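Report on the following structure.
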2 protein chains.
Amino acid sequence: MSAAEVPARRQTRQRTAVLALLDELDGFRTAQDLHAQLRERGDGVGLATVYRALQALVDDGLVDVLRSEVGEAAYRRCSPVHHHHLVCRSCGRTVEVADPPVERWAARVAAEHGFADVQHQLEVFGTCAACAAQR
Amino acid sequence: MSAAEVPARRQTRQRTAVLALLDELDGFRTAQDLHAQLRERGDGVGLATVYRALQALVDDGLVDVLRSEVGEAAYRRCSPVHHHHLVCRSCGRTVEVADPPVERWAARVAAEHGFADVQHQLEVFGTCAACAAQR
DNA sequence: CCCGGGCATGAGAACCATTCTCACACGTCC
DNA sequence: GGACGTGTGAGAATGGTTCTCATGCCCGGG
């Protein structure tokens, strides 16, 4: 009844490349985007493999996912502790932020309406200083 | 420089049917789902038309959209004032809730990091009392 | 160091929600 | 009532994501 045992992920060139690329970038990127960048730099990796690697990283809690307005998934290397995001809608640059108050608020509101197993999702979008300056 | 004038939406059987169905339901439903229900009850409406009608309603602020985990869009008749949602992840039943504190919090955090044109999105998911009882 | 089982990979097909196309229908205004 | 122009609908097109399956390679055991 403990945590699920690790499914023994194999260490392959492809998975290493995906994680390394995510470590370099500091914003949310789509799988297609990551795949293109890997291809450009010569690290040939199949698109399907990129998706599988990202899925595995998400399952392991090393990466966060976000859905864009148009429904595409965007991925980013994130810290494993609970946090929210402040995302630049122009360049994708992201800052992790914590908000203790909203945690309690969500729990209280849910309880008031009889909801259990509560989860919440909070993201803030804006234009970062750099992007605002150059327009 | 005033608000954009209304594009003069025509009142058709199809649009009326879509809005009427949304008024009956009190949870987020996908376009596919709504299309199937309309078809069942005899109100034949094309799938493309359902999408167009929903898009128009969203533009008019009469309907809210939410992206499911798998990326599908879900729609719900909502009040025009700013609010967040408490959604049952089992049956889709939804309660509109307000959270003034988070509005100020978002603005402050964004300002601290130099972000402008701030928007935020906050949704709470859980299992409603009814669904929790029957399992 | 060598083998073998089995997960990982990759090219392309399959999937599926959503949007587009375009000829035709019908609301709206005169 | 009639013309104009938007709305409709069936099916094709789009595009992100997942699946298929034959082949590749990681890794533990001998």
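Lettering of chains follows the sequences in order, A, B, ..., and the numbering in each one begins at 1. Keep in mind that what you see is a predicted model, and the values were worked out from it rather than measured. Note that these values count all heavy atoms, side chains included, but never hydrogens, waters or copies made by symmetry.
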D:dT8 OP1/OP2 closer than 4.0 Å to side-chain N/O of B:T12: yes

Donor + acceptor pair across side chains of B:D99, B:H83 (<3.5 Å): no

N/O (side chain, A:Q11) to phosphate O (OP1/OP2, C:dA8) under 4.0 Å: no

Distance below 4.0 Å between A:T49 side-chain N/O and C:dA8 OP1 or OP2: no

Side chain B:R15 and base C:dG27 donor-acceptor under 3.5 Å: no

Earlier contact from the 5' end, DNA chain C, for B:R67 and B:R52: B:R67

Between A:E103 and A:H120, a side-chain donor and acceptor under 3.5 Å: yes

Side chain of B:A48 (C-beta onward), nearest among D:dA10, D:dT17, C:dC7: D:dA10

Test item: A:T49 side-chain N/O and A:V45 main-chain N/O as donor-acceptor pair under 3.5 Å: no

Separation of atom CG in A:L57 from atom P in C:dA8, rounded to whole Å: 12 Å

Side-chain donor/acceptor of B:R10 to base of C:dT28, under 3.5 Å: no

Length of the CD-P vector between B:Q55 and C:dA17, whole Å: 17 Å

Centroid-centroid distance, A:F125 to A:H85, less than 6.0 Å: no

Whole-Å distance separating the NE2 atom of B:H35 from the P atom of C:dT18: 13 Å

Presence of donor-acceptor pair under 3.5 Å, side chain of B:R13 and base of C:dG27: no

Audit row: A:R9, A:D60, salt bridge (Lys or Arg N to Asp or Glu O under 4.0 Å) steps and yes/no: CA-CA 10 Å; A:R9 304 221 185 277; A:D60 291 349; 2.8 Å; yes

Residue B:V45, side-chain atoms from C-beta onward, closest of D:dT17, D:dG9, C:dT9: D:dG9

Proximity to the side chain of A:Q32 - top-ranked nucleotide from C:dA11, D:dG16, C:dA8: D:dG16

Nearest-Å distance for atom pair CG/P, residues B:D33 and C:dC16: 16 Å

Atom pair distance, as rounded to whole Å: CD in B:Q14 and P in C:dA25: 14 Å

Side-chain-base donor-acceptor pair under 3.5 Å for B:R9 and C:dG27: no

For atom CG of A:L47 and atom C1' of C:dT9, their distance in whole Å: 12 Å

Nearest-angstrom distance from the residue atom OH of B:Y75 to P of C:dA17: 12 Å

Atom-pair distance (CG on A:L54; C1' on D:dG16), nearest Å: 13 Å

Nucleotide of C:dT18, D:dG5, D:dT17 approaching A:E72 most closely (side-chain heavy atoms): D:dT17

Closest approach of B:R76 to B:D26 (non-hydrogen atoms, all atoms of both residues): NE-O, 3.4 Å

C:dT18 OP1/OP2 closer than 4.0 Å to side-chain N/O of B:Y51: yes

